[in-house]
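So the structure is just underneath, and the comments pick up after that.
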Amino acid sequence: VQTAQPNPRVRVDSIAVGDGTTATARVDARFLYDGLSGGQIVLSFTDPAVATITDATAADVFGLSETAIVDDGSSAVVRFTDLERGVQETPGITEVHLADVSVEGEAAGTTDIEISVDQFDDETGATPTVDTRRGVVVTGPPPVAAGAAPTDPDTDGLYADLNGNGRLDYDDHAVLLRPLDPDAGRM
């Protein structure tokens, strides 16, 4: 009995960033049962008033890549080609690093980082259907201290220190519960 393999999946990390500071989100792929020869992805924000893209780069494994960022920072296109066949067939649970996107916080709120796959070719020459998983950017208030962005003091992958003072305290809850612009609170 042969079980169906899931479609390749491309996802972008969720991140927290302070207003006026930058952070980097990873874009990864998994379920590349037939490898990856190249592709093109588009990253965009549902609310570019909350955060903008300042840079985007394809992972080092790709021998040829090109990036274009829209002038207002609301979206970026990343094209990549695996010239050296660095991304071979991979087990389903293996994540393959595709790209990094640098995000700058513009105003307190949340915005989705949406991903669309314009092209995705495997090593067999096929163009499989690709599932995507968007991320979320949470932009906190201006930092408490110069350059202090939200942090993850207990290294559990969650930015619980929202005010960037290096610890989890009452003020973090106050920041979280502070009324946001109703349009910025979409998820």
Side-chain angles (χ1 to χ4, degrees), residues 1-17 21-106 110-139 149 152 157-159 186-187:
V1 175
Q2 187 176 15
T3 59
Q5 295 175 339
N7 292 335
R9 179 182 304 152
V10 176
R11 70 169 192 81
V12 61
D13 284 340
S14 293
I15 58 171
V17 63
T21 63
T22 59
T24 301
R26 277 178 62 110
V27 180
D28 293 317
R30 68 182 340 182
F31 306 128
L32 302 177
Y33 292 103
D34 292 317
L36 176 64
S37 64
Q40 175 175 304
I41 58 174
V42 178
L43 301 154
S44 61
F45 291 117
T46 54
D47 187 354
V50 172
T52 56
I53 296 171
T54 59
D55 192 21
T57 55
D60 291 339
V61 71
F62 300 106
L64 182 62
S65 65
E66 178 183 17
T67 302
I69 301 171
V70 176
D71 288 341
D72 66 0
S74 63
S75 66
V77 177
V78 180
R79 294 179 194 94
F80 47 88
T81 303
D82 186 9
L83 295 176
E84 301 295 322
R85 296 183 61 127
V87 181
Q88 298 293 317
E89 297 177 14
T90 61
I93 59 171
T94 301
E95 298 227 334
V96 174
H97 184 199
L98 297 181
D100 291 306
V101 58
S102 296
V103 174
E104 182 174 350
E106 298 291 336
T110 61
T111 182
D112 291 339
I113 308 176
E114 295 185 329
I115 245 182
S116 62
V117 177
D118 289 351
Q119 181 182 348
F120 208 78
D121 301 323
D122 66 24
E123 293 291 340
T124 69
T127 304
T129 299
V130 178
D131 296 332
T132 59
R133 299 289 187 269
R134 69 178 127 198
V136 175
V137 173
V138 177
T139 300
D152 178 15
L158 302 173
Y159 289 84
R186 294 187 305 255
M187 286 276 233

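Start at 1 with the first residue, then count along the sequence.
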### Task
Can you measure from CD (Glu95) to CZ (Arg30) and round to the nearest 0.5 angstrom?
4.5 Å
### Summary
Applying salt bridge (Lys or Arg N to Asp or Glu O under 4.0 Å) to Arg79 and not counting sequence neighbours gives Glu66
### For Asp60, all residues meeting side chain to side chain donor-acceptor pair (under 3.5 Å), sequence neighbours excluded
none
### Task
Could you pull out the closest heavy-atom pair between Ile113 and Asp13, with the gap in Å?
CD1-O, 3.9 Å
### Task
Tell me, please, which residues at least two apart from Asp28 pass salt bridge (Lys or Arg N to Asp or Glu O under 4.0 Å).
Arg11, Arg26
### Summary
Here the ring pair (Phe, Tyr, Trp, His ring centres under 6.0 Å) pairs for residues 39-63, sequence neighbours left out, are Phe62-Phe80
### Side-chain heavy-atom pair Val77, Thr67 within 4.5 angstrom cut-off
no
### Query
Taking side chain as C-beta onward, heavy atoms only, is Leu98 less than 4.5 Å from Leu36?
yes
#### Entry: Residues forming a side chain to side chain contact (heavy atoms under 4.5 Å, CB included) with Glu104, sequence neighbours excluded
Thr22, Thr52, Thr54, Glu106
#### Entry: Residues Leu43, Ile53; criterion side chain to side chain contact (heavy atoms under 4.5 Å, CB included); working and verdict
CA-CA 9 Å; Leu43 301 154; Ile53 296 171; 4.3 Å; yes
#### Entry: Set of side chain to side chain donor-acceptor pair (under 3.5 Å) partners for Ser74, sequence neighbours left out
Asp72
### Query
Is there a donor-acceptor contact under 3.5 Å linking the side chains of Asp121 and Ser37?
no
### Task
State which residue, out of Thr46, Asp47, Thr139, fulfils the side chain to side chain donor-acceptor pair (under 3.5 Å) condition with Thr111.
Thr46
Donor-acceptor contacts under 3.5 Å from residues 128-137 side chains, at least two apart:
| from | atom 1 | to | atom 2 | distance (Å) |
| --- | --- | --- | --- | --- |
| Arg134 | NH1 | Asp112 | OD2 | 3.3 |
| Arg134 | NH1 | Glu114 | OE2 | 3.1 |

### Task
Applying side chain to side chain donor-acceptor pair (under 3.5 Å), name anything that partners Asp55, two or more places apart in sequence or on another chain.
none
### Task
Might you point out which heavy atoms bring Ile15 and Ala23 nearest each other, and give the distance in Å?
CD1-CB, 4.0 Å
### Query
Do Asp118 and Ile41 pass the side chain to side chain contact (heavy atoms under 4.5 Å, CB included) test, and can you show the C-alpha distance, the side-chain angles, and the key distance before you say yes or no?
CA-CA 6 Å; Asp118 289 351; Ile41 58 174; over 6 Å; no
### Task
Indicate yes or no: at least one non-hydrogen side-chain atom of Asp122 is less than 4.5 angstrom from one of Tyr33.
no
## Note on the structure
Rounded to the nearest 0.5 Å, the OG atom of Ser65 sits from the CD atom of Gln40 at a distance of 12.5 Å
### Message
Quick one, Val27 with Val10, criterion side chain to side chain contact (heavy atoms under 4.5 Å, CB included). Give me CA distance, side-chain angles, the key distance, then yes/no.
### Response
CA-CA 7 Å; Val27 180; Val10 176; 3.8 Å; yes
### Task
Report yes if some heavy atom in the side chain of Asp82 is under 4.5 Å from a heavy atom in the side chain of Glu123; otherwise report no.
yes
